Amino acid sequence: MSSSPRLYELAANTPEGTFIAHYSEGGLVELNFPAKAKITRPNHLAKTVPPQILAWHAVTESALKQILTGGNPSRLPPMAPTGTEFQCRVWAALRQIPSGQTKSYSEIARLIGRPQAVRAVGGACGANPIPVLVPCHRVIAMNQKIGGFSGGLKWKRRLLRIEEVSGF
DNA sequence: AATGACAGTCCCA
DNA sequence: TGGGACTGTCATT
């Protein structure tokens, strides 16, 4: 019953470097920060990619550029990350945070109805496969500390500075 | 099946 | 300032 989930990887060029976007037939499932290593998979593979996915990718690239220049994206691609129920609720809450604003781990915990699962929220943020578009970088600790970031704290600070969040 | 380690936060001393 | 309790998930045993 489960056909092998065909995945497509496409490069998205932005002012902050080249991200790699992964798509399933349901939408964007993963986004990778620019690798230090050279890009080995240029977009010419796109010829074999369904038009639907190319269209989604155009939206992704545009949304990334908008966020990375300090704005809110006018459109987002469909996103279909895989995760537990808990993680999906956390990620949904993250998407409600506009550019330039932050929430604490405990605020997210309260928003999803698990006010005491603050630490678990940190875990779910770390498991977010679509950084930037699902803005886990806008979650900081209650005491204004930056917390952690699976993509590396340099990226978290860079994203917060782009959004002109004071203190970072 | 149990344990330990985490991107946190609160409480009590 | 520091230790303990609490949460969900994953790796290890």
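Not measured: the values here are computed from a predicted model. Here is the naming used below: chain letters follow the sequence lines, and residue numbers restart at 1 for every chain.
- Side-chain N/O atoms of A:S150 include none lying less than 4.0 angstrom from OP1 or OP2 on B:dA7.
- Whole-Å rounding puts the A:Q116 CD to C:dT9 P distance at 16 Å.
- Atoms CG (A:L111) and C1' (B:dG8) sit 16 Å apart, rounded to a whole Å.
- One interatomic measurement links the two molecules: CG of A:N143 to P of B:dC10, which rounds to 9 Å at whole-angstrom precision.
- Listed nucleotides C:dT7, B:dT9, B:dA7 differ in distance to A:A117; the shortest reach to its side chain belongs to C:dT7.
- Pairing of C:dC6, defined by two Watson-Crick or G-U wobble distances under 3.5 Å, is identified with B:dG8.
- Other residues, nucleotides and ligands contribute only 12 or fewer heavy atoms inside 6.0 Å of the CZ atom of A:R114.
- As judged by a 4.0 angstrom heavy-atom cut-off over every strand, A:G126 is placed among the base-contacting residues.
- Rounded to whole Å, atom P of B:dA7 lies 16 Å from atom CD of A:Q87.
- Atom CZ in A:R114 sits roughly 9 Å away from atom P in C:dT9 (whole-Å rounding).
- As judged by a 4.0 angstrom heavy-atom cut-off over every strand, A:A120 is placed among the base-contacting residues.
- Judged purely by atom type and a 3.5 angstrom limit, A:H57 uses its side chain to pair as donor or acceptor with the backbone of A:A11.
- Distance noted for atom C1' between B:dA7 and C:dT1: 23 Å (whole Å).
- Taking only side-chain atoms of A:R119, from C-beta outward, the nucleotide of C:dT9, C:dC6, B:dT9 with the closest atom is C:dC6.
- Across the P atoms, B:dT3 and C:dA5 are found 15 Å apart, a figure rounded to whole Å.
- Spacing between atom CZ of A:F86 and atom C1' of B:dA7 amounts to 12 Å, rounded to whole angstrom units.
- The NZ atom of A:K156 sits 11 Å away from the C1' atom of B:dG8 (whole-angstrom rounding).
- Across all strands, A:Y105 comes closer than 4.0 Å to base atoms (heavy-atom distances).
- Taking atom CZ of A:R89 as the reference point, atom P of C:dT9 lies 11 Å away to the nearest angstrom.
- For the side-chain contact (heavy atoms from CB on, under 4.5 Å) with A:H22, the qualifying choice from A:L31, A:I130, A:N32 is A:N32, the only one to do so.
- Put simply, the side chain of A:E9 never gets that close to the backbone of A:I20: no donor and acceptor are under 3.5 Å apart.
- The side chain of A:C125 lies closest to B:dA7 when the candidates are B:dA7, C:dT9, C:dC6.
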Pair A:Q96-A:K103, side-chain contact (heavy atoms from CB on, under 4.5 Å): steps then yes or no: CA-CA 10 Å; A:Q96 306 305 308; A:K103 286 198 183 307; over 6 Å; no
